[in-house]
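None of the values given here were measured: they were computed from a predicted structure. Order of the sequence lines fixes the chain letters, A, B, ..., with proteins taken first and strands second; residue numbering starts at 1 for each chain.
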There are 2 protein chains.
Amino acid sequence: MPKRTDLFESDPDDTREAIMKATYDALSKHGYADLTIQRIGDEFDKSKSLLYHHYDSKDALLVDFLGFMLERMEGTIPLEEAAAADDRLRVGFDHVFAEILDGDREQFNRAMTELRAQSAHDDSFREQFTRNDRYFESRVQDIIEEGIQQGIFREVDAEQVASMLVTIIQGATFQATTSTEPDLDAVRTELDAYIESRLLDDD
Amino acid sequence: MPKRTDLFESDPDDTREAIMKATYDALSKHGYADLTIQRIGDEFDKSKSLLYHHYDSKDALLVDFLGFMLERMEGTIPLEEAAAADDRLRVGFDHVFAEILDGDREQFNRAMTELRAQSAHDDSFREQFTRNDRYFESRVQDIIEEGIQQGIFREVDAEQVASMLVTIIQGATFQATTSTEPDLDAVRTELDAYIESRLLDDD
DNA sequence: AGTCGGTGATTGAATATTCAGTCAACAATG
DNA sequence: CATTGTTGACTGAATATTCAATCACCGACT
């Protein structure tokens, strides 16, 4: 098994996927502000003109790219149904924090942050991220509700707690990508303390 | 008192301040990706060339602008020494959430988010935001330590809790500016629940 | 089997636009 | 007069986008 980003085939068959990978590489390398069609073309083994054969504009390409990325991200979240709710929560957060801290993903994470920041002035971006958030939040909410039914968690407002948890993840990601020396270990530890003191029903 | 953003004089005497305001307006209107010297000049009642009389480059202008913004932000955080620690915490968060939710500040918040996102690929930006975070986090940490000494709070790791609180604020801000329908009321309510269950020493 | 016609993929060069930065000149002010 | 503020026109480098022209393949027709 070759070492590579787990988001892409080593040799993408599909043209679209090849374009997505080229965009990903260019975005990681140069950042959103310096992302040009030329640079995407440079990471692409076909000509840059070909990009316009598949997309109407740079903007259309980027919108498609964002959808592609978010879809893949949703695909990577762990979904074991087996364990107890509190364990599922912890496993999920372990996964998320591992991704945030993974040095190999640093550039990707930064790129996602930049992409998301575009939502501030781009509605189509904003809608996509909002949908992604909703999906993610629902998964968390499910786990919390399950935990309540299992008698493991207190009878909290599951939606409200899920909102908070997603906000924390978002804040941690944002900090990790835009701050030097963010103390994410502290946040992770405190997150467990939060779950313990707020959710766990110790009887 | 004329209605306006509280960040600027209605008629800035200082040229620098006028440039800052023009930059702010251009950034709010077009977003960081489409922020050009031309557009800053358009919001400026003097010519765009004059900008180069005051700054060596667009980059230098933007760096100065960021410093200007962060300075103003630090100036607006409330610092009453009087009350009990838990009240000070709540007052502080009320202030922050009011700013996040204030419709008049929406553009400002978005502008800050976009600026911060630039830190992903710009070191000088990142350093400035990191310094700002540190300052903010210290204030929160002070309050928590004070609360512990007052016997109001449990003997938690103040630095760790402060990290979490800053992360939550950051996440809330990020969501407010990049998501449609973010449920910030839920986050605010849950934040109180967190403080209650994790910090408050009920004896 | 072999040829013809069509279709989508692909390319390199050309075009039109945008943008940061410069400059020489003009205006105001002391 | 000298200094400082101010301007509009200008430039060269990028950048997005277009376009005319190949190329590779495939199905139909003889």
Side-chain angles (χ1 to χ4, degrees), chain A residues 8-9 11-68 111 114-115 117-118 121-125, chain B residues 9 11-68 111 114-115 117-118 120-125:
Chain A
F8 293 99
E9 307 286 329
D11 188 19
D13 41 344
D14 206 49
T15 303
R16 175 176 116 106
E17 193 156 332
I19 294 177
M20 296 294 98
K21 174 159 169 49
T23 306
Y24 173 87
D25 288 340
L27 181 57
S28 297
K29 199 177 283 183
H30 306 287
Y32 185 87
D34 295 323
L35 181 64
T36 70
I37 287 283
Q38 179 64 56
R39 291 196 162 109
I40 295 173
D42 289 347
E43 305 294 325
F44 191 32
D45 66 339
K46 309 292 174 61
S47 156
K48 108 189 169 190
S49 320
L50 184 56
L51 300 174
Y52 284 96
H53 185 68
H54 291 276
Y55 295 96
D56 285 343
S57 66
K58 181 190 178 188
D59 218 59
L61 193 162
L62 258 31
V63 168
D64 188 44
F65 174 74
L66 178 58
F68 176 84
E114 292 195 284
L115 236 31
Q118 299 310 313
H121 284 88
D122 186 319
D123 289 341
S124 58
F125 274 33
Chain B
E9 307 287 327
D11 188 20
D13 40 346
D14 208 51
T15 303
R16 171 174 182 257
E17 193 154 334
I19 293 178
M20 296 292 99
K21 175 162 169 47
T23 306
Y24 172 84
D25 288 340
L27 178 58
S28 299
K29 198 176 285 181
H30 306 287
Y32 189 87
D34 295 323
L35 182 64
T36 69
I37 288 281
Q38 180 62 58
R39 294 213 235 260
I40 295 174
D42 289 347
E43 304 294 326
F44 191 34
D45 67 338
K46 307 294 174 59
S47 152
K48 125 195 164 185
S49 314
L50 189 56
L51 298 174
Y52 284 98
H53 188 69
H54 292 274
Y55 295 96
D56 286 343
S57 66
K58 181 191 180 189
D59 219 58
L61 192 162
L62 259 31
V63 167
D64 188 44
F65 175 71
L66 177 58
F68 176 85
E114 291 199 284
L115 278 178
Q118 298 313 310
H121 284 87
D122 186 318
D123 288 342
S124 60
F125 274 34

Please give the angle, rounded to 10 degrees, between the axes at the start and the end of the helix from C:dA1-D:dT30 to C:dG30-D:dC1, where five pairs define each axis.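 The end-segment axes of the helix from C:dA1-D:dT30 to C:dG30-D:dC1 are tilted 10° relative to each other.
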Only counting residues at least two apart or in another chain, list the ones meeting salt bridge (Lys or Arg N to Asp or Glu O under 4.0 Å) with A:Asp42.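 Salt bridge (Lys or Arg N to Asp or Glu O under 4.0 Å) list for A:Asp42, sorted by chain: empty.
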Taking salt bridge (Lys or Arg N to Asp or Glu O under 4.0 Å) as the definition, give me every residue that meets it alongside A:Lys48, ordered by chain and number, with sequence neighbours left out.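 Per chain and number, A:Lys48 pairs via salt bridge (Lys or Arg N to Asp or Glu O under 4.0 Å) with no residue.
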Compile the donor-acceptor pairs under 3.5 Å between side chains in residues 30-37 of chain A and protein atoms, sequence neighbours left out, one pair per line.
residue, atom, partner, partner atom, Å
A:His30, ND1, A:Arg39, NE, 3.4
A:Thr36, OG1, A:Gln38, N, 3.4
A:Thr36, OG1, A:Arg39, N, 3.0

Rounded to the nearest angstrom, tell me the gap between atom [atom1] in [X] and atom [atom2] in [N].
X: A:Leu51; N: D:dT18; atom1: CG; atom2: P; result: 13 Å
X: A:Asp14; N: C:dA9; atom1: CG; atom2: P; result: 11 Å
X: A:Lys46; N: C:dG12; atom1: NZ; atom2: C1'; result: 16 Å

Does A:His53 have a side-chain nitrogen or oxygen under 4.0 Å from the phosphate oxygens OP1 or OP2 of C:dA9?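 Yes, such a contact exists.
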Quick check: closest heavy atoms across B:Ala22 and B:Ile40, and the distance to 0.1 Å?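 Distance-wise, the nearest heavy atoms are CB-O, 3.7 Å.
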Considering non-hydrogen atoms only, spot the tightest contact between A:Phe125 and A:Gln118 and give its length.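 Residues A:Phe125 and A:Gln118, closest heavy atoms: CD2-CB, 3.5 Å.
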Base contacts versus sugar-phosphate-only contacts with protein, heavy atoms under 4.0 Å: please encode nucleotides 15-30 of chain C as B, S and - from 5' to 3'. ----SSBBB-------
Atom CG in B:Leu62, atom NZ in B:Lys58: separation rounded to 0.5 Å?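 It is 6.5 Å, given to the nearest 0.5 Å.
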What residues, two or more places apart in sequence or in another chain, satisfy side-chain contact (heavy atoms from CB on, under 4.5 Å) together with A:Lys29?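 Result, side-chain contact (heavy atoms from CB on, under 4.5 Å) vs A:Lys29: A:Glu43.
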A:His54 side-chain N/O to A:Thr15 backbone N/O, donor-acceptor pair under 3.5 Å: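 Judged by distance alone, no pair lies under 3.5 Å.
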